[in-house]
Amino acid sequence: MSKTARGRAGSREKVDLLVVNADELVTLAKDSGRPRVGKDMRDLGIIRDGSLAIKDGRIIAVGKSAEVRRRFKAENVISANGKTVSPGFVDPHTHLFFSGSREDEFQMRVEGASYMEILHAGGGILKTVRETRKASVDRLADSGIRTLDSMLEHGTTTVEAKSGYGLTTKDELKLLEAAKRANQLHCVDVVSTFLGAHAVAPEFRGSSHDYVNLIIEEMIPRVAEKGLAEFCDVFCEKGVFSLDQSRRILTVGMKSGLRSKVHADEMSTLGGAELAADVGAVSAEHLLFSSADGIKAMAGKGVVAVLLPLAAFSLMLGRYADARLMIDCGVPVALGTDFNPSCMCESMQLSMAFACHFMKLTPAEALTAATINAAHAINRAAEVGSLEAGKKADVVVLDVPNHKFLGYHFGVNLVDKVIKNGRIVFDKEAVRGEFPRLKEEE
Ligand SMILES: [Zn+2]
């Protein structure tokens, strides 16, 4: 054996896990530290016949299979031959913790009632608030954990979760405590957002000003003091919280260390996109009715647009955000599920499919929006959202030969395996076992 060959064989580093021979290894790697905009949203950084080396929960190498296998060895090797390997999906907008369900309201919507009609009749958010106030931290955490299981098996490895079904100081803190507990107990990472301004609490009906004061004077200081949230969000909407009220809440939140997010222009053109740009929000979400000026203002400030086609679909609004205009203007676009009791869907794959079908994103743009740009929307891009050495080994193996199947093959789970923090946490074969292929003999 030549000296060089012996040196090479001897120096193959042992790692915990190798994922090898992916038809497409979608890295989304780019060291700009900024979300992808414009044409860059179509550049997935694909390595054909790509491999990943994983050690101590982190990615330590990404590259062509021949090169990675020359440098590393592992007892645990996953073959991704015929498959697509992607960063774990990041869901940047959910209302994960609540009690009860609203299937009756779904039927009312099918029969023609609008979201606002249901809300003003004491349904919608307010029904969930009544039930959530009765629930304990344990019960809320348990139900959130069941949802996280379902999200994980659909490929989501990091989730943002908003409070907003308590609407009293005690109950908002309880929801954020449930999020903290779920984050401790479940492998999916949960990032918390305080959304006390989700609706005007029923006790303050007709005096929203007093409720805003409660948020500002009592809720935000308590949330910040307990370190229970990273972001502060507001449902800025006609008949809910005005632009001025939203600005007050977000400003006080920022002074307390909570970065801003805005539920903006979901049902009317109120100027939520402009507000998000003006206060320097990390993201503005929904944006169905945003003005072109508002979209340009967001582009100028680098505010991430978190688009939620599943919510527009389930509310039967008959329209979707103008994602093409946003991408043309240079707004970084992200996708989420908006999982909540009126949009009961855990699947980022379906969000991507709807983004393609209804908002004309290409599959590549949708995948960028569901990974690295979503990570930027929740300030996690240094850790997740792309497959790069040093980042968390949060990886999805999809049972499709290329990424264009996302959106094309929809309504089923395309996930073959999920790796979270370097461990295989979901394996379709193990769950499914072997289906009998032959009818039993008589
Ligand atoms: Zn929402």
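Residue numbers run from 1 in the order of the sequence given.
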What's the verdict on side-chain hydrogen bond (donor to acceptor under 3.5 Å, both in side chains) for Arg42 and Thr362, showing C-alpha distance, side-chain angles and the deciding distance? CA-CA 8 Å; Arg42 294 180 185 221; Thr362 65; 4.5 Å; no

Evaluation steps, salt bridge (charged side-chain N to carboxylate O under 4.0 Å, His left out), between Asp40 and Lys30: CA-CA 10 Å; Asp40 276 354; Lys30 185 169 221 181; 2.6 Å; yes

Walk me through it: do Arg34 and Asn373 pass the test side-chain hydrogen bond (donor to acceptor under 3.5 Å, both in side chains)? CA-CA 8 Å; Arg34 316 205 63 176; Asn373 280 7; over 6 Å; no

Apply side-chain hydrogen bond (donor to acceptor under 3.5 Å, both in side chains) to the pair Ser268 and Glu237, showing each step before the final yes or no. CA-CA 7 Å; Ser268 58; Glu237 188 63 57; 2.6 Å; yes

Glu105 vs Arg109, salt bridge (charged side-chain N to carboxylate O under 4.0 Å, His left out): CA-CA, chis, key distance, verdict: CA-CA 6 Å; Glu105 178 193 311; Arg109 286 206 305 273; 3.1 Å; yes

From CA spacing to verdict: side-chain hydrogen bond (donor to acceptor under 3.5 Å, both in side chains), Gln349, Asn413: CA-CA 8 Å; Gln349 293 171 64; Asn413 191 6; 2.7 Å; yes

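Sorted by first and then second residue, the side-chain hydrogen bond (donor to acceptor under 3.5 Å, both in side chains) pairs with a member in residues 269-284 read Arg247-Asp278, Lys261-Ser283, Glu274-Ser291, Ser283-Glu285; sequence neighbours excluded. For the salt bridge (charged side-chain N to carboxylate O under 4.0 Å, His left out) condition, the pairs that include at least one residue of residues 390-415, sequence neighbours left out, are Asp189-Lys392, Glu388-Lys391, Asp394-Lys420, Asp399-Lys428. The salt bridge (charged side-chain N to carboxylate O under 4.0 Å, His left out) contacts involving residues 113-125 comprise nothing, where partners must be two or more places apart or lie in separate chains.
For His95, the ring-ring contact (aromatic ring centres under 6.0 Å, His included) partners two or more places apart in sequence, or in a different chain, are His93, His198, His263. Remark: His357 pairs with Phe410 by the ring-ring contact (aromatic ring centres under 6.0 Å, His included) rule, at least two apart or across chains. Residues that satisfy the side chain to side chain donor-acceptor pair (under 3.5 Å) test with Arg146, not counting sequence neighbours, are absent from this structure. Partners of Ala182 under the side-chain contact (heavy atoms from CB on, under 4.5 Å) rule, at least two apart in sequence or in another chain, are Phe97, Ile145, Leu148. Considering only residues two or more places apart in sequence or on other chains, Arg130 meets the salt bridge (charged side-chain N to carboxylate O under 4.0 Å, His left out) condition with none of them. Applying the side-chain contact (heavy atoms from CB on, under 4.5 Å) rule to Arg259 yields the partners Phe231, Val282, Asn379; only residues at least two apart in sequence or on another chain are considered.
Counting non-hydrogen atoms of other residues, nucleotides and ligands closer than 6.0 Å to CD of Gln107 gives a total of 12 or fewer. When the shell of 6.0 Å around CZ of Phe106 is examined, it contains 12 or fewer heavy atoms from other residues, nucleotides or ligands.
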Only pairs under 3.5 Å count here: list side-chain donor-acceptor contacts from residues 309-337, not counting sequence neighbours, and write none if there are none.
| unit_1 | atom_1 | unit_2 | atom_2 | d |
| --- | --- | --- | --- | --- |
| Ser314 | OG | Leu310 | O | 3.3 |
| Ser314 | OG | Ala311 | O | 3.3 |
| Ser314 | OG | Ser342 | O | 3.1 |
| Arg319 | NE | Leu288 | O | 3.4 |
| Arg319 | NH2 | Leu288 | O | 3.2 |
| Asp322 | OD1 | Leu325 | N | 3.2 |
| Arg324 | NH1 | Lys360 | O | 2.8 |
| Arg324 | NH1 | Glu365 | OE1 | 2.8 |
| Arg324 | NH2 | Glu365 | OE2 | 2.9 |
| Thr337 | OG1 | Asp91 | OD2 | 2.6 |
| Thr337 | OG1 | Phe339 | N | 3.0 |

Compile the donor-acceptor pairs under 3.5 Å between side chains in residues 43-51 and protein atoms, sequence neighbours left out, one pair per line.
| unit_1 | atom_1 | unit_2 | atom_2 | d |
| --- | --- | --- | --- | --- |
| Asp43 | OD1 | Gly45 | N | 3.1 |
| Arg48 | NH1 | Glu24 | OE2 | 3.4 |
| Asp49 | OD1 | Asn21 | ND2 | 2.9 |
| Asp49 | OD1 | Ser65 | OG | 2.8 |
| Ser51 | OG | Asn21 | N | 3.3 |
| Ser51 | OG | Ser65 | OG | 2.7 |

Could you give the side-chain donor-acceptor pairs of residues 199-207 under 3.5 Å, partners two or more places apart or in another chain?
| unit_1 | atom_1 | unit_2 | atom_2 | d |
| --- | --- | --- | --- | --- |
| Glu203 | OE1 | Arg133 | NH2 | 3.2 |
| Glu203 | OE2 | Arg133 | NH1 | 2.6 |
| Arg205 | NH2 | His120 | O | 3.2 |
| Ser207 | OG | Phe204 | O | 3.2 |

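Using a 4.0 Å cut-off between a side-chain N of Lys or Arg and a carboxylate O of Asp or Glu, Lys127 and Glu131 qualify as a salt bridge. We find that Glu230 and Arg380 are joined by a salt bridge, their nearest charged nitrogen and carboxylate oxygen being less than 4.0 Å apart. Ion pairing of Glu383 with Arg58 is present here, as a side-chain N (NZ or NE/NH1/NH2) and a carboxylate O approach within less than 4.0 Å. Here Lys162 pairs with Glu160 in a salt bridge; the nearest charged N to carboxylate O distance falls below 4.0 Å.
Looking at heavy atoms from C-beta onward, Ile295 lies out of side-chain contact with Asp293 at the 4.5 angstrom threshold. A 4.5 Å side-chain heavy-atom check between Phe194 and Ile215 finds at least one atom pair inside the cut-off. Under the 4.5 Å side-chain criterion, counting only non-hydrogen atoms from C-beta, Val26 is not in contact with Val85. Using a 4.5 Å cut-off on side-chain heavy atoms (C-beta onward), Leu25 and Thr27 make contact. With a 4.5 Å cut-off on side-chain heavy atoms, His409 and Leu414 count as touching. Side-chain contact between Met151 and Phe89 is absent, with no heavy atoms from C-beta onward closer than 4.5 Å. When side chains are defined from C-beta on, Glu177 counts as touching Leu228, because their heavy atoms get closer than 4.5 Å. Side-chain atoms of Ile220 and Ile249, non-hydrogen and from C-beta on, do get closer than 4.5 Å to each other.
For Leu270 against Cys236, the heavy-atom pair with the smallest separation is CD2-SG, 3.8 Å.
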